[in-house]
There are 2 protein chains.
Amino acid sequence: MSVEEYAPDHLPGTKRKRGKGVGAVYDTIKHEILDLTLAPGSPIDEVRLSERFGISRTPIREAMVKLAGEGLVVTLPNRFTIVAPIDFPNLSQFFDALSLMYRVTTRLAAANRTAADLVRIRALQDHYAEAVEARDVPEMIEVNRNFHAEIARAGNNRYYTELFERLLDEGRRLLRLYYSSYNDKLPRIYLQEHEDMVAAIERGDIDTADRIAHAHAQQIVKQIQASITADHRVNANIPL
Amino acid sequence: MSVEEYAPDHLPGTKRKRGKGVGAVYDTIKHEILDLTLAPGSPIDEVRLSERFGISRTPIREAMVKLAGEGLVVTLPNRFTIVAPIDFPNLSQFFDALSLMYRVTTRLAAANRTAADLVRIRALQDHYAEAVEARDVPEMIEVNRNFHAEIARAGNNRYYTELFERLLDEGRRLLRLYYSSYNDKLPRIYLQEHEDMVAAIERGDIDTADRIAHAHAQQIVKQIQASITADHRVNANIPL
DNA sequence: TGTATTTTTGTTGTCGACATAAAATATGTG
DNA sequence: CACATATTTTATGTCGACAACAAAAATACA
């Protein structure tokens, strides 16, 4: 999952397909925001992006509007667009919503999962185990997100899935910001919790699924909070 | 709250302010979609809109991207944009999410409401009572939505508020579609439930607020479902 | 030297025109 | 007359240029 640098991802001679440009810009910028390649609060220049991607400002602009709709960038009218800052004062709102969505989606997954869902969930669980084994922290964060998103999809409620994915993405950004304080023990706790979660979903045990999801959410919230408290650079700017 | 027809809402001589155009188009089209002035599934022509609003296609396009982000319109690549159809097969997802958000937001409101919140909520409750008295159904539907949205705001969690407002808007569209089957009794039941809800929020009684919200949600879901079942034009096209 | 005012600069918001994709229509062939 | 193929139509996607706005820089003035 490498990031293409200065992505002129079309060969010199080939012409980019119609309607492909916005999607490419949107995906790339979204990844870079969640990656922290683009620091929270840093300005985004439309002209620079149009040069980088080799397309005009119009499609760049559309991608920005989409990103703004998801809260990933903030547009200052007539001035610039910045990468959405992390809203520390209101983190409790985030934690509250995140916990509820963990529970709701996991419950629904236990109720509605199909055999195909279970295969996909297990595959991601295995992938996560590998990342833990390899001590690849960025990979762990990403796969963890995909694991829970897949469970949400199995729950089969697009409103929950959509909100949850947004929350998971925001969480990914927070974890990235603080992954320095990751220790070896935590990932293994998560691994076990994931295992129990999958088992509960598999046998359709809604109450247990809910309980585990709840505990898991609290675990993660606690970890993020601890990381933030431990870090005294909270309000420092992220270096470019 | 009248809809301006063919809104060239700037006087002939005056120049529209920069950045005002997109907002105007967005607001107008959003209202017309929720109003059913624009029928679900009907195509939206960018050129026609640009003529109607007297601005070029670029800002129209941005408004469309925003609306698409909220699921109010659907873009068929290289073809057209249509008003989002009502997703009948998945209505249960909608009802489930709506019920949960009713409960969560009302609970939080009971926990977090300020005096100023209570004033705003009471004002909307009075407004609703007036609409019931006047038997003004469209007004009832709109004020009802704003009443619950205000409660959600008092709960002070932007993730819930945002999702809930989206769900309430979609619900408004459904109610509009079927308000023919409104009878005199239901609005009065809602009125009483609202009264109890406000009282519980006022005295910070979280459990009671939750219970009432739950009952209220079930009441509304039941009503919508009954309306749909009673209506055999479900799959008929809405006349333009 | 410090403050108010003008000019410059950089970046966004909007425009009109053109290129292109997909559907609708017309054309040709067995 | 059915069916495949070419052509036209229609609306979108993209472009390059210009205008307007807000901040920064330069200038005027007390």
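The sequence lines fix the lettering, A, B, ..., with proteins before strands; numbering per chain opens at 1.
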Treating primed atoms plus P, OP1 and OP2 as sugar-phosphate and everything else as base, which nucleotides of nucleotides 6-11 of chain C get B, S or - for protein heavy atoms under 4.0 Å?
----BS

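- Contact of the B/L108 side chain with the B/N156 side chain is not registered, since no non-hydrogen atoms from C-beta on lie closer than 4.5 Å.
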Show your working on side chain to side chain contact (heavy atoms under 4.5 Å, CB included) between A/F95 and A/Q225 and close with a plain yes or no.
CA-CA 10 Å; A/F95 291 138; A/Q225 283 175 325; 3.6 Å; yes

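- Taking the side chain as every heavy atom from C-beta outward, A/T28 and A/R52 approach each other to under 4.5 Å.
- The phosphate of D/dT14 has neither OP1 nor OP2 within less than 4.0 Å of any side-chain N or O from A/T58.
- When each of D/dT12, D/dC15, C/dC15 is scored by its nearest atom to the side-chain atoms of B/R57, the top-ranked nucleotide is D/dT12.
- Salt-bridge annotation for A/D117 and A/R120: present, with a side-chain N of the basic residue lying under 4.0 Å from a carboxylate O of the acidic one.
- Applying salt bridge (Lys or Arg N to Asp or Glu O under 4.0 Å) to B/E142 and the options B/R176, B/R172, B/R173 leaves one that passes, B/R172.
- One interatomic measurement links the two molecules: CZ of A/F53 to C1' of D/dT14, which rounds to 16 Å at whole-angstrom precision.
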Result block: side-chain N/O donor-acceptor pairs under 3.5 angstrom for residues 71-79 of chain B, not counting sequence neighbours:
unit_1 : atom_1 : unit_2 : atom_2 : d
B/N78  : OD1    : A/R18  : NE     : 2.8
B/N78  : OD1    : A/R18  : NH2    : 3.4

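- Using a 4.0 Å cut-off on heavy atoms, none of the residues of residues 62-72 of chain B approach DNA chain C.
- You'll find the side chain of A/Q223 reaches within 4.5 Å of the side chain of A/L175, heavy atoms only.
- Between the P atom of C/dT14 and the CG atom of B/L49 lies a distance of 15 Å, rounded to the nearest Å.
- Separating the CG atom of B/L76 from the P atom of C/dA23 is a distance of 9 Å, rounded to the nearest angstrom.
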Pair A/H127, A/N146 - check side chain to side chain contact (heavy atoms under 4.5 Å, CB included), show working.
CA-CA 10 Å; A/H127 194 158; A/N146 293 338; over 6 Å; no

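- Taking atom CD1 on A/I55 and atom P on D/dC15, their separation rounds to 6 Å, with Å as the unit.
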